[in-house]
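Since the structure comes first, as structure tokens, the remarks are kept for the end.
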Amino acid sequence: MTSLLLPRQDGSLEEYRLQGSPIIRPASVPRFNRIAYAAAHVVSDPLRDADPWGNPAIDWEATMAFRHHLWSLGFKIAEAMDTAQRGMGLSWAGAQELIRRSLAEARSVPGADLACGAGTDHLAAADARSIEDVIAAYEEQVGFVEGEGGRAIMMASRALARVARSGDDYRRVYGHILAQAKDKIVLHWLGDMFDPQLKGYWGSGNFGEALETVLSIIEENSAKVEGIKISLLDNAKEVALRDRLPDGVLCFTGDDFNYAELIEGGGEEYSHALLGIFDAVAPSASKALAALAAGDLATFRGVIEPTVPLSRKIFEAPTQYYKAGVVFLAWLNGHQRHFTLPAGLQSARGLLHYAEIFRLADRANVLDRPELAAARMRRLLAVLGVEQAA
């Protein structure tokens, strides 16, 4: 049995023996009875990365290969979103290239689907002077996505959070963009635990008041809203929103703490999914969703519930650094040849965090190639001063 020495919180080392069993890949692309978007990361290219903070280089071949991995497991892709480090390493120029390439790749894969993040991140929040500035920024990005033949996910805007004075300002911006959109759009309620600059989004720090604002926007524009992703890491708040959505408008869980119960739901009440954790646990999530579609609740729960403690660790505060854990697992599982992120974001988490992710991933059967994962973990441990026993 494979084992290695891992650090513990008290500074000591323990011998950890791997116990998990990899999830067997499906013979064909599975079908789900929930819409399931996986928000996908980008792969940096350390061999070309002369300016990782200012202009990080992207390994496009590995980045596209990972999208094929997700499509093969039945997922739609939420492209150029927070998981791809929008505003934390990936610029709008980089996002445009990512969107172009992913849309082209999708056209080459039967049944492949994706929607693309459109926000205002090319407008620095500090440079926004008016609501008109925000509207113009959204118009540019939504226009780009639609001009490339894609569908847009309307990302939360730091600039709007800075200049808006009330819920009416949000109604004005969203109403304007939705009215001129070619296709239905997915809205995104991203909590300030993911991005502190979004505090007070929808015009209030009070959930009840914010909820009324966003519901009014959806009701006034329901013909142009496919659904809303809510990422507040609070299942009660998600259910409160979900229960009041107009007919035909979908709720996409973005709750990386409570997704298992929200996706399962009860009867006709459940959430669809648009999740960053699906990037990291794709084979498990795919198997679980296929079982749910087949009415096999025991398998759904047995496969997906062990991934929840892992997800809660990856998304622990400061939550905005969860991308490091997602890419760490992509590296352990052989989807990229190195453990680096755009803007050097791997440094945002420490060795104790990564060691616990390794343990939880093994226990959740998320390590697809255990021997490879153990070998790579040993190399990381050695670099950070933890030598293995001879």
Side-chain angles (χ1 to χ4, degrees), residues 33-37 39 78 81-82 115 153-157 160-161 164 166-175 178 184-278 289 292 297 300-301 304-305 308 311-312 315-317 319-320 322:
N33 63 352
R34 304 288 191 267
I35 298 171
Y37 284 95
M81 298 288 290
D82 188 59
I153 300 170
M154 195 170 172
M155 300 173 67
S157 165
L160 179 55
S166 69
D168 288 339
D169 287 332
Y170 287 85
R171 278 185 279 269
R172 180 182 167 195
V173 171
Y174 280 79
L178 290 167
K184 286 189 174 184
I185 282 179
V186 174
L187 306 184
H188 190 185
W189 188 344
L190 189 67
D192 59 14
M193 69 289 293
F194 285 90
D195 187 341
Q197 294 186 58
L198 299 177
K199 189 174 181 63
Y201 210 73
W202 307 116
S204 177
N206 176 276
F207 171 74
E209 294 175 1
L211 178 63
E212 295 304 321
T213 296
V214 74
L215 284 170
S216 70
I217 291 169
I218 292 170
E219 289 164 358
E220 292 164 9
N221 303 277
S222 60
K224 287 294 187 72
V225 178
E226 177 185 350
I228 179 169
K229 172 188 174 176
I230 178 168
S231 303
L232 298 182
L233 304 184
D234 184 324
N235 53 351
K237 290 177 179 177
E238 178 169 323
V239 171
L241 169 67
R242 188 177 75 191
D243 286 350
R244 293 181 60 189
L245 289 175
D247 290 344
V249 176
L250 306 177
C251 181
F252 293 94
T253 186
D255 187 336
D256 299 279
F257 282 7
N258 304 294
Y259 53 90
E261 63 187 83
L262 289 162
I263 292 169
E264 179 178 336
E268 297 299 314
E269 302 297 326
Y270 55 81
S271 296
H272 298 276
L274 197 165
L275 287 162
I277 192 58
F278 280 179
L289 288 166
L292 183 63
L297 281 177
F300 170 77
R301 293 168 181 167
I304 205 160
E305 286 177 358
V308 173
S311 185
R312 290 181 176 180
F315 284 80
E316 71 180 356
T319 301
Q320 65 265 34
Y322 76 87

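Numbering of residues begins at 1 and proceeds along the displayed sequence.
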Glu226 side, atom CD; Ile153 side, atom CD1 - distance, nearest 0.5 Å: 8.5 Å
Gly276 and Phe315 have their tightest heavy-atom pair at C-CZ, 4.3 Å
Using side-chain heavy atoms (C-beta onward) and a distance below 4.5 Å, is Val214 in contact with Trp189? yes
Contact summary for Gln197 and Ala161, nearest pair of heavy atoms: O-CB, 3.5 Å
Any sub-3.5 Å donor-acceptor pair from Tyr259's side-chain atoms to Leu274's backbone N or O? no
Over all heavy atoms of both residues, which pair between Pro246 and Glu219 is shortest? Give the atoms and the distance, please. CG-CG, 3.9 Å
Out of the candidates Leu245, Val249, Leu250, only one should pair with Val225 under the side chain to side chain contact (heavy atoms under 4.5 Å, CB included) rule; please name it. Val249
Value for CD1 (Ile230) from CG (Asp255), rounded to nearest 0.5 Å, stands at 8.5 Å
Apply side-chain contact (heavy atoms from CB on, under 4.5 Å) to Glu212 and Arg244, showing your working. CA-CA 10 Å; Glu212 295 304 321; Arg244 293 181 60 189; 2.7 Å; yes
Would you find a donor on one side and an acceptor on the other, under 3.5 Å apart, between the side chain of Lys224 and the backbone of Leu178? yes
Please test Phe252 against Val186 for side-chain contact (heavy atoms from CB on, under 4.5 Å), starting from the C-alpha separation and ending with a verdict. CA-CA 9 Å; Phe252 293 94; Val186 174; 4.2 Å; yes
Considering non-hydrogen atoms only, spot the tightest contact between Ala210 and Tyr201 and give its length. CB-O, 3.9 Å
For Asn33 and Leu289: C-alpha separation, side-chain torsions, deciding distance, then whether side-chain contact (heavy atoms from CB on, under 4.5 Å) applies. CA-CA 8 Å; Asn33 63 352; Leu289 288 166; 6.0 Å; no
Side chains of Asp243 and Val239, heavy atoms from C-beta outward: is any pair under 4.5 Å? yes
Identify the heavy atoms of Glu238 and Gly254 that sit nearest to each other, and give their distance. OE1-N, 4.2 Å
Could you check whether any side-chain N or O of Arg34 sits under 3.5 Å from a backbone N or O of His272, counting only pairs where one atom can act as donor and the other as acceptor? no
Tell me, do Ile263 and Leu275 make a side-chain contact under 4.5 Å, heavy atoms counted? yes
Non-hydrogen side-chain atoms of Leu241 and Leu215 separated by less than 4.5 Å: yes
In the structure I gave you, are the side-chain heavy atoms of Cys251 and Tyr270 within less than 4.5 Å of one another anywhere? no
Whether Trp202 and Tyr174 hold their rings parallel, tilted or perpendicular, with breakpoints at 30° and 60°: tilted
If we only count heavy atoms from C-beta on, is the Leu233 to Met193 side-chain gap below 4.5 Å? yes
Taking the six-membered ring where the residue is Trp, are the ring centres of Phe278 and Tyr37 under 6.0 Å apart? no
Is it true that a side-chain atom of Asp192 and a backbone atom of Leu198 form a donor plus acceptor pair closer than 3.5 Å? no
Working to the nearest 0.5 Å, report the span between CG of Leu262 and CZ of Arg242. 6.0 Å
Rounded at 0.5 Å granularity, tell me how far CG in Asp82 sits from OH in Tyr322. 3.5 Å
OG/Ser231 to CG/Leu190 distance, rounded to the nearest 0.5 angstrom? 5.5 Å
Run the side-chain contact (heavy atoms from CB on, under 4.5 Å) check on Leu297 and Glu264 step by step: do they pass? CA-CA 8 Å; Leu297 281 177; Glu264 179 178 336; 3.9 Å; yes
Counting C-beta onward and ignoring hydrogens, is there a side-chain heavy-atom pair between Thr213 and Arg171 closer than 4.5 Å? yes
Separation between OG of Ser222 and NZ of Lys184, rounded to the nearest 0.5 Å: 8.0 Å
Considering only heavy atoms from C-beta outward, does the side chain of Met154 approach that of Leu187 to under 4.5 Å? yes
